[in-house]
Amino acid sequence: MEISRRTVITSLAAAFVLPMTGCAAQVRSESVSEASGSAPREPETPATIPVTIGVPARPLSLDPALTVDAESHRSTRQVLETLLGVDPDTGAPIPQLASQWRATDDGLRYTFSLAPDVVFHDGTPLTAGVVAANFERWSRLPELLGQDRMDLLPRLAFASVFGGYRGDEQCRYVECQTVGERTVSLVLSEPIVFLAAALTSPPFALSSPGSWDAFDQALEDTSPESLPAALPAGTGPFRWGVPPDSDGEGQPDGADEAAPLVLDVVPDYRHGPSPVGPVHLAVVSGARQRLRELRRGRLDAFDYVTPATLRPLVQGGAQVLQRDPFSVLYLGMNVQHPVLGQLYVRQAAAHAIDRRALAEQHFLAGSGPADEFVPLSLGVTNPELTTYNYDRERARNLLELAGYRGEPLPFLYPVQTSRPYLPSPEPVYAQIAGDLARVGFVLEPVPVAWEDGYLERIPADTDRAFHLLGRTGEYRDPHHFLEPLFGAHASEFGYSNSLVVENLGRAATTSNRETRNTLYRRVAESVALDLPALPLVSPISAVASGHDLVSYPTSPVLDERFDRIVPVDQTTPGR
């Protein structure tokens with residue numbers, strides 16, 4: 001079976017492709033759909049307000065363990081929950097499916113007490129055995145998918161956090177032990193000092209093992225009505241819904257023509273039903289199209305605001321809610337390429353790009369040029385870091401020293417999308433390409449639609465020289481930004497440095513904060529000297545909401561659950 005370029009989900013027995021017919025744009029429906037999960041439906045929740053949110057792309061997967069994609073995690077956060085949640089004010093771990101947790105003094109055992117009376121949407125109760133089954137599944141992903149398929153995926157969260165998968169020499173995960181019906185213990189071979197923070201991120205969301213068996217049905221029946229029963233069952237405030245019948249009339253301009261991704265309210269959610277729902281995620285790839293549809297009332301909110309849409313939004317009275325900077329845009333350089341393998345060439349590229357102008361012209365105010373991959377708020381900035389100032393003459397001299405003679409250099413960049421770190425890919429690429437061309441680089445542009453497998457294209461295209469990509473923080477620790485890019489099994493840049501790998505490994509197990517910070521600063525310096533990638537911008541992203549919403553829950557780590565949306569009361573006079 002060939003793996004899908006867009007999405008993949010697995011069960012314990014085999015790997016299955018998830019059809020994407022349920023993940024595109026659609027205007028709001030005035031009623032909750034009749035089937036939204038494999039369990040019998042409860043009575044409809046009264047007085048919920050339907051909401052349509054404009055997003056720039058489909059989810060790449062509705063199994064959060066198998067993707068690093070922000071749109072996938074936006075969707076799955078609503079349906080699936082993690083053992084630990086995120087404090088909206090501090091970003092620190094707080095109880096969610098686990099009511100409490102503790103770690104032993106040596107950091108080799110984390111014990112979680114599960115919240116009582118939690119039931120998955122398919123009727124399965126949350127038990128210690130269910131938690132253990134999820135960890136077992138994550139630890140065996142290469143065995144389930146096959147290594148050739150794993151090679152097409154980015155460095156996934158389980159391997160990044162635990163150092164590898166079950167059987168790998170570097171893997172710190174030993175087992176997930178059940179201790180009674182509602183207590184589990186994670187047993188480690190070495191401490192992982194950021195483990196609690198990491199477990200708040202979407203890839204560690206729990207799903208019902210009983211729903212895994214339905215994944216194979218998605219191969220046989222791709223009708224929209226089959227999707228809820230074929231998707232992972234969670235415990236969250238929403239469940240997977242069925243798109244209503246529609247002839248497309250009134251659909252947002254530029255929206256995908258396939259059926260929508262619909263999230264239905266769970267009436268008996270343990271913390272109370274959401275005040276909004278059903279929620280439709282309308283895929284509208286163009287920023288100006290999203291603005292137009294918000295103005296026309298066909299969207300209630302949209303991500304991501306660009307500088308070109310900011311002024312019209314403010315003038316129209318829309319709310320523009322900015323997130324604190326917690327992502328980085330970077331220029332990837334393939335060190336295995338015959339030209340980019342020369343350090344002088346990579347240094348020339350670093351000196352050629354005017355990162356300040358890039359930040360000021362194509363990102364929201366408050367964004368700035370980045371010298372490091374770790375956000376400033378995490379406190380590991382290296383004041384003595386080697387940096388590359390904007391210097392065209394220096395760039396030309398370095399190219400001459402390298403003996404570069406104008407060989408065309410393929411440059412991959414995404415199109416037809418917006419990302420938290422890259423709201424407008426096309427003009428950003430154009431400015432970078434112009435800067436490189438002015439010092440003598442000859443580029444071969446390779447635009448790739450995000451939904452046509454951009455993330456998978458990068459490791460697969462060994463002839464590429466440059467690519468644009470970024471990283472968005474999902475928990476507050478430097479490890480999350482550095483290890484997936486430069487760790488032992490990272491392959492995005494064709495780069496390996498044993499000192500970087502050693503320091504990252506030591507930092508993961510070291511509890512002393514200052515020692516950890518020193519190790520991360522050493523990693524930053526090694527990467528800056530070797531230059532497999534160049535950090536470009538530390539961007540601010542923002543969501544816009546219209547007049548029908550009082551507030552929208554923004555979060556720098558994108559922990560933005562839709563049940564926290566506050567709608568304008570429909571009974572308010574004048575509406």
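Everything numeric here is computed off the predicted structure, so don't read it as measured data.
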*Asks:* Find the distance between OG1 (Thr104) and CG (Leu188) and round it off to the nearest 0.5 Å.
*Replies:* 8.0 Å

*Asks:* Do the non-hydrogen side-chain atoms of Pro64 and Leu80 ever get within less than 4.5 Å of each other?
*Replies:* yes

*Asks:* With side chain to side chain contact (heavy atoms under 4.5 Å, CB included) as the test, would you mind laying out the steps for Asp264 and Val262 before giving the verdict?
*Replies:* CA-CA 6 Å; Asp264 282 347; Val262 180; 3.6 Å; yes

*Asks:* So Asp122 and Ser208, side chain to side chain donor-acceptor pair (under 3.5 Å) or not? Walk me through it.
*Replies:* CA-CA 8 Å; Asp122 66 354; Ser208 167; 2.7 Å; yes

*Asks:* Is there a donor-acceptor contact under 3.5 Å from the side chain of Asp168 to the main chain of Tyr165?
*Replies:* yes

*Asks:* Does either side chain, that of Arg74 or that of Ser72, offer a donor lying less than 3.5 Å from an acceptor on the other one?
*Replies:* no

*Asks:* Please give me the minimum heavy-atom distance between Val568 and His547, naming the atom from each residue.
*Replies:* CG2-O, 3.3 Å

*Asks:* Tell me if a side-chain donor or acceptor on Gln78 pairs with a main-chain N or O of Glu560 at a distance below 3.5 Å.
*Replies:* yes

*Asks:* Main chain of Pro423, side chain of Ser418: is a donor-acceptor contact present, judged purely on distance under 3.5 Å?
*Replies:* yes

*Asks:* Check for me whether Arg561 meets the cation-pi criterion with Tyr552, that is, NZ or CZ under 6.0 Å from the six-membered ring centre and within 45 degrees of the ring axis.
*Replies:* no

*Asks:* Checking side chain to side chain contact (heavy atoms under 4.5 Å, CB included) for the pair Leu84/Phe112: CA distance, chi angles, key distance, verdict?
*Replies:* CA-CA 9 Å; Leu84 304 180; Phe112 301 87; 4.2 Å; yes

*Asks:* Roughly how far apart are Leu504 CG and His479 NE2, rounded to 0.5 Å?
*Replies:* 7.5 Å

*Asks:* When rounded to the nearest 0.5 angstrom, what distance separates CD1 in Ile565 from CG in Asp300?
*Replies:* 8.0 Å

*Asks:* For Val550 versus Gln319, what's the shortest heavy-atom pair and its separation?
*Replies:* O-NE2, 3.0 Å

*Asks:* Does one side chain, of Ser207 or Trp212, offer a donor that lies under 3.5 Å from an acceptor on the other?
*Replies:* yes

*Asks:* Which is it for Arg155 and Glu483 under the salt bridge (charged side-chain N to carboxylate O under 4.0 Å, His left out) test, yes or no, and what are the steps along the way?
*Replies:* CA-CA 9 Å; Arg155 178 94 162 137; Glu483 198 282 339; 2.7 Å; yes

*Asks:* Once you round to the nearest 0.5 Å, how far does CG of Asn134 lie from OG of Ser139?
*Replies:* 11.0 Å

*Asks:* Kindly indicate, with the supporting measurements, whether the criterion salt bridge (charged side-chain N to carboxylate O under 4.0 Å, His left out) is fulfilled by Arg419 and Asp69.
*Replies:* CA-CA 9 Å; Arg419 316 310 301 163; Asp69 172 51; 2.4 Å; yes

*Asks:* Evaluate Leu97 against Val118 for side chain to side chain contact (heavy atoms under 4.5 Å, CB included), listing each step before the verdict.
*Replies:* CA-CA 8 Å; Leu97 291 179; Val118 178; 3.9 Å; yes

*Asks:* Applying side chain to side chain contact (heavy atoms under 4.5 Å, CB included) between Val51 and each of Leu549, Leu281, Leu299, report the one that passes.
*Replies:* Leu549

*Asks:* May I have the step-by-step check of side chain to side chain donor-acceptor pair (under 3.5 Å) for Gln416 and Ser285, ending in yes or no?
*Replies:* CA-CA 6 Å; Gln416 301 173 21; Ser285 59; 5.8 Å; no

*Asks:* Could Arg323 and Asp303 be called an ion pair, given the rule that one side-chain N must be under 4.0 Å from one carboxylate O?
*Replies:* yes

*Asks:* With no hydrogens and no angle check, just 3.5 Å: does a side-chain donor-acceptor pair link Ser61 and Asp63?
*Replies:* no

*Asks:* Please report the shortest heavy-atom distance between Gln170 and Gly163, naming the atom on each side.
*Replies:* CB-O, 3.5 Å

*Asks:* Assert yes or no for the condition that the ring centre distance of Phe204 to Trp138 is strictly below 6.0 Å.
*Replies:* yes

*Asks:* Side-chain contact, heavy-atom cut-off 4.5 Å: Arg471 with Pro484?
*Replies:* yes

*Asks:* Can a donor-acceptor pair be found, under 3.5 Å and without considering hydrogens, that links the side chain of Ser211 to the backbone of Ala233?
*Replies:* yes

*Asks:* Compare all side-chain heavy atoms of Pro237 with those of Val265 and state whether any distance is below 4.5 angstrom.
*Replies:* no

*Asks:* Check the angle between the aromatic planes of Phe194 and Tyr475 and answer parallel, tilted or perpendicular using the 30° and 60° thresholds.
*Replies:* parallel

*Asks:* Would you say His73's side chain and Asp559's backbone share a donor-acceptor pair under 3.5 angstrom?
*Replies:* no

*Asks:* Can you name the closest pair of heavy atoms from Trp101 and Pro93 and give their distance?
*Replies:* CH2-O, 3.7 Å

*Asks:* What distance do Leu206 atom CG and Thr124 atom OG1 have between them, rounded to the nearest 0.5 Å?
*Replies:* 12.5 Å

*Asks:* Does this structure show an ion pair linking Arg290 with Glu293, if we count only N-O contacts that are shorter than 4.0 Å?
*Replies:* no

*Asks:* Are any side-chain N or O atoms of Arg77 and backbone N or O atoms of Leu558, one a donor and one an acceptor, separated by less than 3.5 Å?
*Replies:* yes

*Asks:* After noting the C-alpha distance and the side-chain angles of Arg172 and Thr509, does the key distance pass the side chain to side chain contact (heavy atoms under 4.5 Å, CB included) rule?
*Replies:* CA-CA 10 Å; Arg172 303 181 186 96; Thr509 63; 3.7 Å; yes

*Asks:* I'd like to know whether CG of Asp106 has more than 12 heavy-atom contacts from other residues, nucleotides or ligands below 6.0 angstrom.
*Replies:* yes

*Asks:* Checking Gln289 side chain against Val284 main chain: does a donor-acceptor pair fall under 3.5 Å?
*Replies:* no

*Asks:* Can you tell me how far CG of Leu294 sits from OG of Ser545, rounded to the nearest 0.5 angstrom?
*Replies:* 7.5 Å

*Asks:* Using atom types as modelled and distance alone, determine if a side-chain donor or acceptor of Trp240 lies under 3.5 Å from a backbone N or O of Pro232.
*Replies:* yes

*Asks:* Compute whether any side-chain donor of one residue and acceptor of the other, for Glu474 and His480, lie under 3.5 angstrom apart.
*Replies:* no

*Asks:* Please tell me if the side chains of Ile94 and Val86 come closer than 4.5 Å, counting only heavy atoms from C-beta onward.
*Replies:* no

*Asks:* Would you say Gln177 and Ser185 are linked by a side-chain donor-acceptor pair, where the criterion is simply a distance under 3.5 Å?
*Replies:* no

*Asks:* I'd like to know whether CD of Glu169 has more than 12 heavy-atom contacts from other residues, nucleotides or ligands below 6.0 angstrom.
*Replies:* no

*Asks:* Quick check: closest heavy atoms across Thr90 and Asp87, and the distance to 0.1 Å?
*Replies:* N-OD1, 3.1 Å

*Asks:* Given the side-chain rings of Phe158 and Tyr173, with only the six-membered ring counted for Trp, is the space between their centroids under 6.0 Å?
*Replies:* yes

*Asks:* Check Ala57 against Trp450 and note the closest heavy-atom contact, atom names and distance.
*Replies:* CB-CD1, 4.1 Å

*Asks:* Would the distance check show the side chain of Thr183 and the main-chain N or O of Gly180 forming a donor-acceptor pair, the cut-off being under 3.5 Å?
*Replies:* no

*Asks:* Is the closest side-chain heavy-atom distance between Val276 and Pro50 below 4.5 Å?
*Replies:* no

*Asks:* Taking the side chain as every heavy atom from C-beta outward, state whether Tyr421 and Phe326 have any pair of such atoms under 4.5 Å apart.
*Replies:* no

*Asks:* What I want to find out is whether Glu81 reaches Arg270 closely enough, with some N-O distance under 4.0 Å, to be called a salt bridge.
*Replies:* yes

*Asks:* Does Ser75 reach the main-chain N or O of Glu71 with its side chain, forming a donor-acceptor pair under 3.5 Å?
*Replies:* yes

*Asks:* Is Arg166 paired with Glu136 through a side-chain N to carboxylate O contact shorter than 4.0 Å?
*Replies:* yes

*Asks:* Would you mind reporting whether Leu60 and Val68 have side-chain heavy atoms less than 4.5 Å apart?
*Replies:* no

*Asks:* Considering only heavy atoms from C-beta outward, does the side chain of Leu199 approach that of Tyr110 to under 4.5 Å?
*Replies:* no

